Engineer: 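Before anything else, here's the structure in question.
Because the structure is a prediction, the values reported are computed rather than measured. All ligand and atom numbering here is 1-based and tracks the order in the structure.
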Amino acid sequence: MHTINWYPGHMAKARRMLEDNIRLVDMVIEIVDARAPMACRNPDFESLFKNKLRVIVLNKSDLSSKAQNRAWIEYFKKQSITALELVSTSPSMRKNAVAMIERTGKAAMEKAAAKGIHKTLRAMIVGIPNAGKSTFINRIAGAARAQVGDRPGVTKSKQWVKVSDYLELLDTPGLLWGKLDNELLAKHLAYIGSIKDDVLDIEEIASLLLYDLMRICPDQLIARYKKLTRDIETPAEMLDGVCRSRGFILSGGVYDTERAARIVLDEYRAGKIAAIALENPDDDFNAPADETKKENTDTENE
Ligand SMILES: Nc1nc2c(ncn2[C@@H]2O[C@H](COP(=O)(O)OP(=O)(O)OP(=O)(O)O)[C@@H](O)[C@H]2O)c(=O)[nH]1
Ligand SMILES: [Mg+2]
């Protein structure tokens, strides 16, 4: 994948905002996309949030599989981090989310109560763009208090949302970390819609996504785009297959690959292709991002 052309300026500003607000909160709730938990995480959080209560929410768990969600929760548990799977778009998540926040903040609340203080628990919601932070907050608050959108960069500045007399949540803009140097993880961030499409070559991203999905869930992929086959050898040919499946053919028989790319990304992000994660805890995240490159290296080694 070509180097992603992004603008670190506003990310640096957002990071400063995060550092400035950390002292105002008791708890940090980190929202990750269940399809790509590794790509979503920030190694700096360990030091940044070291004295805070912490929880990881594996959000959009409806877009992954039960077994993969469980494996990730186990993975975090081994690092002594509480994680839970949620679907922030579903009304039934509220009960579990509130119980999780109360359980995590219980000792701090009791300590304050012992001193006769009626404490308000303050939690900061952090995560990469488009992970579902604002959706999570709105569901807990029981109202559309924070703006939500199916693209990255919707929340522009921090916003406190009062849930009750004892709970306030801080919505923050999505932050992208240094993951863009790791090609594999950067690719995942592009697939799940956390990097603005206008800085990406969407035809390249959609081709790579199709190529990867052909390895992860070939049956579901072929069920959706019937002209795709397992023997397609290069990412570039994948989009032609989608054009043939959907009749995206321009005058002169030219494939409308741009239209195909948009459709593929939209359908993938909306969970229409398969409920399956891109990442599993025991994957090698330092492997070459592109299978074709890996095969080349394998041959070189022989
Ligand atoms: N399928 C599914 N979609 C979700 C879930 N949670 C959020 N979404 C969708 O994800 C998209 C992004 O949600 P937001 O809440 O705006 O994300 P955000 O993290 O606040 O994004 P920024 O403000 O851009 O950083 C929206 O289209 C939501 O409807 C979920 O659990 N499952
Ligand atoms: Mg938001």
Side-chain angles (χ1 to χ4, degrees), residues 6-8 10-15 17-18 21 28-37 39-42 45 55-66 68-69 72-73 83-98 100 123-161 163 169-177 179-180 188-200 220 262 265-278:
W6 64 305
Y7 309 103
H10 83 277
M11 291 299 173
K13 195 170 143 220
R15 195 198 146 92
M17 183 277 306
L18 207 138
N21 286 287
V28 177
I29 301 175
E30 191 183 334
I31 311 278
V32 305
D33 187 313
R35 290 168 299 174
C40 291
R41 302 221 53 226
N42 180 353
F45 280 3
V55 182
I56 291 183
V57 170
L58 221 49
N59 194 40
K60 307 198 184 186
S61 60
D62 55 320
L63 305 183
S64 180
S65 70
K66 281 261 169 299
Q68 289 174 304
N69 291 332
W72 278 109
I73 289 168
L84 86 164
E85 56 181 295
L86 285 179
V87 179
S88 291
T89 41
S90 150
S92 61
M93 75 70 108
R94 187 175 191 277
K95 206 170 131 222
N96 287 343
V98 170
M100 171 271 292
M124 175 157 71
I125 315 301
V126 301
I128 59 160
N130 205 39
K133 299 175 293 298
S134 301
T135 307
F136 172 88
I137 290 174
N138 286 341
R139 191 61 71 191
I140 292 180
R145 306 276 279 283
Q147 203 192 336
V148 164
D150 62 355
R151 57 193 186 282
V154 172
T155 304
K156 305 276 190 242
S157 58
K158 64 165 185 170
Q159 182 192 349
W160 281 105
V161 174
V163 176
L169 303 178
L170 180 61
D171 194 11
T172 64
L175 286 168
L176 275 177
W177 339 112
K179 287 291 165 51
L180 301 180
H188 293 171
L189 292 173
Y191 294 168
I192 63 174
S194 288
I195 299 174
K196 283 194 164 75
D197 281 338
D198 53 13
V199 302
L200 297 172
Q220 288 105 315
R262 294 212 178 278
L265 291 175
D266 282 353
E267 294 188 354
Y268 173 72
R269 290 170 186 167
K272 288 183 182 156
I273 299 177
I276 193 154
L278 299 163

Engineer: Taking G153's backbone N and O only, do any of them form a donor-acceptor pair with K156's side chain (distance below 3.5 Å, no angle check)?
Structural biologist: yes
Engineer: Ignoring hydrogens and geometry, is there a side-chain-to-backbone donor-acceptor pair from Q159 to R145 under 3.5 Å?
Structural biologist: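 It does hold such a pair.
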Engineer: To 10 degrees, how wide is the angle OG1 (T155) to the Mg ion (ligand 2) to OG (S134)?
Structural biologist: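 That angle is 90°.
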Engineer: Run the side-chain contact (heavy atoms from CB on, under 4.5 Å) test on I29 and M124 for me, step by step, so that the C-alpha distance in whole Å, both residues' side-chain angles and the decisive distance to 0.1 Å come before the verdict.
Structural biologist: CA-CA 6 Å; I29 301 175; M124 175 157 71; over 6 Å; no
Engineer: Is K196 paired with D198 through a side-chain N to carboxylate O contact shorter than 4.0 Å?
Structural biologist: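 Between K196 and D198 there is no salt bridge, as every charged N stays at least 4.0 Å from the carboxylate O atoms.
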Engineer: Write out the protein residues near ligand 1, meaning a non-hydrogen atom under 4.0 Å from one of its atoms, in order of chain and number.
Structural biologist: N59, K60, D62, L63, V87, S88, T89, P129, N130, A131, G132, K133, S134, T135, V148, G149, D150, R151, P152, G153, V154, T155, G174
Engineer: With a 3.5 Å distance limit and no angle check, can you tell me whether K133 reaches the backbone of I128 through a side-chain donor-acceptor pair?
Structural biologist: yes
Engineer: Taking atom types as modelled, find out whether S194 and N130 have a side-chain donor-acceptor pair closer than 3.5 angstrom.
Structural biologist: no
